[in-house]
Amino acid sequence: MTWPVRCSMLVLALAVSLTALSQTAPAPSGPLPTARQLRWHEMEMYGLVHFGLNTFQDREWGDGDASPQLFNPDQFDADQIVLAAKAGGLKGLVLVAKHHDGFALWPTATTDYNITRSPWRNGGGDIVLEFQRACARHGLKFGVYCSPWDRNHKDYGTSLYLKAYREQLRELYTRYGELFVSWHDGANGGDGYYGGARERRLIDRTTYYDWDTTWAMTRRLQPGAVIFSDIGPDIRWVGNEKGFAAETSWATFMPVAPDGIGKAAPGYSKDAEAPGGHRQGQFWIPAECDVPLRRGWFYHEDQDNTVKTAGQLLDLYFKSVGRGANLDLGLAPDKRGLLHEKDVSALAEFGQQLSRMFGVNLAASARFEASNVRGKDLRLFGPAQLVDQDRYSYWATDDNVTTAQLTINLGFARTFKIIRLRENIKLGQRIEAFAVDAWIGTGWKEIATATSIGANRLIRLPENVTTSRVRLRITQSPVCIALSDFGLFVEEGVR
């Protein structure tokens, strides 16, 4: 046999082998995340920056009648704010480019109620641009929120305003680089200045904004950005502003109208359905848990003593990121245009605690023994995939094996308090219940049970556990297992 022929046969055999291996991968189960949603899951935490005329009025919601002359943050430093966020472990910032009062923080052509009418930078400034550039300099992703409700615009409630609003979004989408999110909330309609009318204007939230058309523009101009609102379509509000998801939390969801019959829309949905999602939901719409670092979203001097401690932030992290959601932490620059020193300190300590806690996985060097490995292929589907730093490699079982166990031999007694599990969500959210045991004395002792896993599940034990062996039992799943991560971590010095 000649060399070219032998080589061709080897290539053919390898191709056949690779094809056979690829066919053994588990079939996906249920709705699946898009590429943009996967990137969002990997971020875990980001910030939502509220800064504007409300900051200078000591208010949360402005009426739309305050003079732009009030806005003059004479020490504004986007780098200071971005670096503080980065120190806290945040992977991006969402800037409120326009709040409900209608004051735009960029030089827009759609309204005179914008930053060019302020004394800051002699009317030549652009807060959105400065934040976007600071994020780029320091490796954070950038996103924007432009309030659909505008209490200043004279045409709000008519089709003319809708045209202006979409033009505002177009400006934001095309001037400030690649965005990771286009953020929208459900505050729509009510009392306002409205160009001097000073009246109450109500709109039909289900039809007025024609969101399908607006979001089609988002997809066209910012294809990599997830869209956040009460109902998605990419990311859903968790239903509270306390920063936590339900103990059992599904990324799958079906938006529900308040009456349970009509069509849900931003500002018109059944919030009670949001914290846990729906196991049989038709769409992959995971939850965002938003919460301000202080008591309010905008800066108020009398709230300087309400800044959450690093320990409180860590508790929120476990109840949001640790339940498969993302944490969106509200940051409020003060009148100087800086984050207050207490905010900066809390973020820095929080970030340090996270780094210490998750810096070393005690299971990384352990020996794993699985009750079942898919096709007995340890290379592709063995438990070593759980600690290989690849978020989407995974331990998998055969199709007919929906309960299984994994024994982790640590080699010698180790002490831990935190357990982490992740599924390969590219194949859907699969596992519905599991338990963790530790070898104590002469037998196994159950130390934790939980339900959903999804993108991330963190268990914070009530006390430290010292053992040389740990056992994971998957006790309920409608389909075979596809687990991508298992970790054990120490908790030290948390306040």
Side-chain angles (χ1 to χ4, degrees), residues 21-33 37-38 41 245-254 275-287 321-325 363 366 368-378 380-388 390-408 418-438 444 446-459 470-488:
L21 286 173
S22 68
Q23 291 173 345
T24 66
S29 177
L32 304 177
Q37 289 172 318
L38 288 172
H41 276 292
E247 176 70 29
T248 298
S249 179
W250 304 109
T252 47
F253 188 64
M254 181 65 193
H278 304 126
R279 179 60 176 129
Q280 303 303 323
Q282 298 179 25
F283 306 101
W284 188 277
I285 311 178
V321 177
R323 294 175 179 176
F368 292 79
E369 182 180 340
S371 61
N372 179 269
V373 173
R374 188 173 186 83
K376 298 182 180 179
D377 190 334
L378 290 172
L380 277 184
F381 302 117
Q385 313 296 330
L386 297 171
V387 290
D388 67 355
D390 182 342
R391 190 155 181 156
Y392 302 111
S393 65
Y394 56 103
W395 163 49
T397 58
D398 292 320
D399 283 339
N400 62 341
V401 178
T402 59
T403 60
Q405 68 180 39
L406 185 72
T407 302
I408 302 98
I418 309 300
I419 304 168
R420 184 180 71 196
L421 297 95
R422 292 170 175 159
E423 292 185 84
N424 178 3
I425 57 174
K426 288 183 177 181
L427 299 174
Q429 190 170 6
R430 307 163 78 90
I431 295 169
E432 296 179 344
F434 67 94
V436 180
D437 310 318
W444 291 109
E446 186 175 273
I447 58 173
T449 61
T451 49
S452 56
I453 297 178
N456 207 12
R457 165 63 80 164
L458 296 174
I459 298 174
V470 177
R471 183 174 66 181
L472 170 66
R473 290 178 287 120
I474 308 298
T475 57
Q476 185 174 330
S477 177
V479 291
C480 67
I481 294 155
L483 193 70
S484 67
D485 179 272
F486 183 84
L488 301 171

**Asked** Which salt bridge (Lys or Arg N to Asp or Glu O under 4.0 Å) pairs, counting each pair once, include a residue from residues 470-482, with sequence neighbours left out?
**Response** D437-R471, D437-R473, E446-R473

**Fill in**
Taken to the nearest 0.5 Å, the spacing of L406 CG from F486 CZ works out to 7.0 Å

**Message:** Let me confirm one number: the OG-CG distance from S249 to N456, rounded to the nearest 0.5 Å.
**Reply:** 11.0 Å

**Main-chain N/O of Q385 paired with S393 side-chain donor or acceptor, under 3.5 Å** = yes

**Asked** Which residues satisfy the side chain to side chain contact (heavy atoms under 4.5 Å, CB included) test with D485, sequence neighbours excluded?
**Response** R420, R422

**Message:** Restricting to side-chain hydrogen bond (donor to acceptor under 3.5 Å, both in side chains), what partner residues turn up for T407, sequence neighbours left out?
**Reply:** none

**Item:** A246: side chain to side chain contact (heavy atoms under 4.5 Å, CB included) partners, not counting sequence neighbours
**Value:** P275

**Asked** So, T397 side chain and I481 main chain: donor-acceptor pair closer than 3.5 Å or not?
**Response** yes

**Request:** Check salt bridge (charged side-chain N to carboxylate O under 4.0 Å, His left out) between D390 and all other residues, then give those that pass, not counting sequence neighbours.
**Result:** none

**Atom pair CD1 (I419) and CG (L472), whose distance is rounded to the nearest 0.5 Å** = 9.0 Å

**Prompt:** Counting distance only, does the side-chain N/O of S371 pair as donor-acceptor with the main-chain N or O of Q405 below 3.5 Å?
**Reply:** yes

**Message:** Looking at every heavy atom in both W284 and Q37, which two are closest together, and how far apart are they?
**Reply:** O-NE2, 2.7 Å

**Asked** Between the side chain of T475 and the main-chain N/O of A433, is any donor-acceptor distance below 3.5 Å?
**Response** yes

**Message:** Which residues pass the side chain to side chain contact (heavy atoms under 4.5 Å, CB included) test with P26, not counting sequence neighbours?
**Reply:** R374, F381, Y394, A396, L427, R430, C480

**Under 3.5 Å: donor-acceptor pair, side chain of N372, backbone of A404** = no

